[in-house]
Amino acid sequence: MKKKITLLSIASTSLLLLAACGRSEVTQHSTSFWEQIVYGFAQVIRFLSFGGMTAVGIILFTLIIRVALLPLMNIQIKSSQKMQEIQPEIKKIQAKYPGKDVDSRRKVQEETQELYAKNKVNPYAGCLPLLIQMPILWALYQALTRVDFLKHGTFLWFNIGDKDPTYILPILAALFTFASSWLTMKAAPEKNAMTSTMTFLMPVMIFVFAINVASGVALYWVVSNGFQVLQTLLIANPFKIIAAREAKVKAEKDKIKAREKALKKALKNKK
């Protein structure tokens, strides 16, 4: 979990740094391979901009990208769930060998690996999909910020290339970011300071950045993070996970009570 949070932090910081680098305009004459990918993304958005409405193209393309990434996101979510479920066991192993010496660390590592194997958990399975997704999302972001024809047009109350004067888009982006993080963390059997901090820090970062960029970029974050919330509710609904976990605990308690009752009855019959 800590590795995943670290990767998310690095990815988020990198996304923020994009505002300070790669600002040169991307056109069909750009020569670098990366800029050609960015321009290709921009062309697809233009194609999807029915009625010349760039915002519609941004919304549709963002949804297409998110749907295409669903299999990877499913792997990431399922892996994260498995890691969350065995966190209490990992803490028990760490408490069993609290020493900082080489031997204690080796035993912690060995028993943790055995725990992974027993529960069929790959601690890196959730990280790979994230690393695959980021270049795609970065290319989409840069298409919105570096290709001129995606910076023009109006939609509802805002101009695509200008900041949202009403702050509605930044607020929505922050709210959806918080909702996504909160839903993901809610199902965790145990909470820690790092995950709790990220749950509140990420929305603030997104809001601050969204009020300083073009509305087209803020719109992308609203749609993308809104889709993430829906995706979490469909694939890894925390309320269903908690209910299933509580039902499992109750079943175990009922099983123990039934065993104790049967034992008492057997002892009574012997008398």
Side-chain angles (χ1 to χ4, degrees), residues 8-26 37-39 41-69 73 130 133-184 198-232:
L8 282 170
S9 302
I10 293 172
S12 303
T13 303
S14 300
L15 182 60
L16 293 177
L17 289 175
L18 286 174
C21 63
R23 289 184 174 181
S24 60
E25 185 177 338
V26 173
I37 293 176
V38 170
Y39 191 74
F41 273 43
Q43 289 283 53
V44 175
I45 293 174
R46 172 188 267 178
F47 174 77
L48 294 171
S49 299
F50 298 106
M53 291 188 291
T54 304
V56 173
I58 293 171
I59 293 170
L60 291 177
F61 190 55
T62 303
L63 291 175
I64 290 171
I65 288 294
R66 279 296 181 180
V67 171
L69 290 173
M73 291 299 296
L130 179 65
Q133 292 169 53
M134 290 315 298
I136 297 173
L137 299 179
W138 285 346
L140 176 56
Y141 169 84
Q142 291 211 340
L144 297 174
T145 56
R146 299 179 64 189
V147 180
D148 184 67
F149 60 75
L150 293 185
K151 299 178 182 179
H152 306 288
T154 59
F155 186 71
L156 298 177
W157 68 89
F158 57 88
N159 293 316
I160 294 295
D162 298 332
K163 300 174 185 177
D164 182 358
T166 65
Y167 297 108
I168 292 176
L169 291 176
I171 290 172
L172 288 175
L175 287 175
F176 282 134
T177 300
F178 173 77
S180 176
S181 300
W182 183 81
L183 287 170
T184 301
M198 289 301 296
T199 298
F200 291 96
L201 180 60
M202 281 301 299
V204 174
M205 293 171 64
I206 289 293
F207 175 77
V208 171
F209 196 36
I211 63 176
N212 291 294
V213 295
S215 294
V217 179
L219 176 63
Y220 152 68
W221 278 331
V222 170
V223 177
S224 183
N225 293 336
F227 185 90
Q228 181 96 4
V229 171
L230 179 62
Q231 171 186 277
T232 302

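Just so you know, residue 1 is the first one in the sequence shown, and it goes up from there.
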Test side chain to side chain contact (heavy atoms under 4.5 Å, CB included) applied to Ile64 and Leu48, step by step: CA-CA 11 Å; Ile64 290 171; Leu48 294 171; 3.7 Å; yes
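With a 4.5 Å cut-off on side-chain heavy atoms, Val147 and Ile45 do not count as touching. Asn212 places a side-chain heavy atom less than 4.5 Å from the side chain of Lys163. Considering only heavy atoms from C-beta on, Phe61 stays 4.5 Å or farther from Arg46 through its side chain. Considering only heavy atoms from C-beta on, Asn225 stays 4.5 Å or farther from Val229 through its side chain.
Separation of atoms OG1 (Thr62) and CZ (Phe227) is listed at 10.5 Å; rounding is to 0.5 Å. Note that CG of Leu219 and CD1 of Ile58 are 5.5 Å apart. Values are rounded to the nearest 0.5 Å. Interatomic distance, Trp157 CH2 to Ile168 CD1, rounded to the nearest 0.5 Å: 4.5 Å. Here Thr177 contributes atom OG1 and Trp221 contributes atom CH2; the two are 9.0 Å apart, rounded to the nearest 0.5 Å.
Between the side chains of Asp164 and Ser215, not a single donor N or O lies within less than 3.5 Å of an accepting N or O.
Every residue meeting the side-chain hydrogen bond (donor to acceptor under 3.5 Å, both in side chains) condition with Ser224, not counting sequence neighbours, appears here in chain and number order: Arg66.
In Phe149, the CZ atom is crowded: over 12 heavy atoms of neighbouring residues, nucleotides or ligands sit closer than 6.0 Å.
Considering all non-hydrogen atoms of both residues, Ser49 and Gly57 come closest at OG-CA, 3.6 Å. Scanning both residues, Ile206 and Ala173, for their nearest heavy atoms gives CG2-CB, 3.8 Å.
Across Leu60, Leu63, Leu172, Ile65, a single residue satisfies side-chain contact (heavy atoms from CB on, under 4.5 Å) together with Val223, and that is Leu63.
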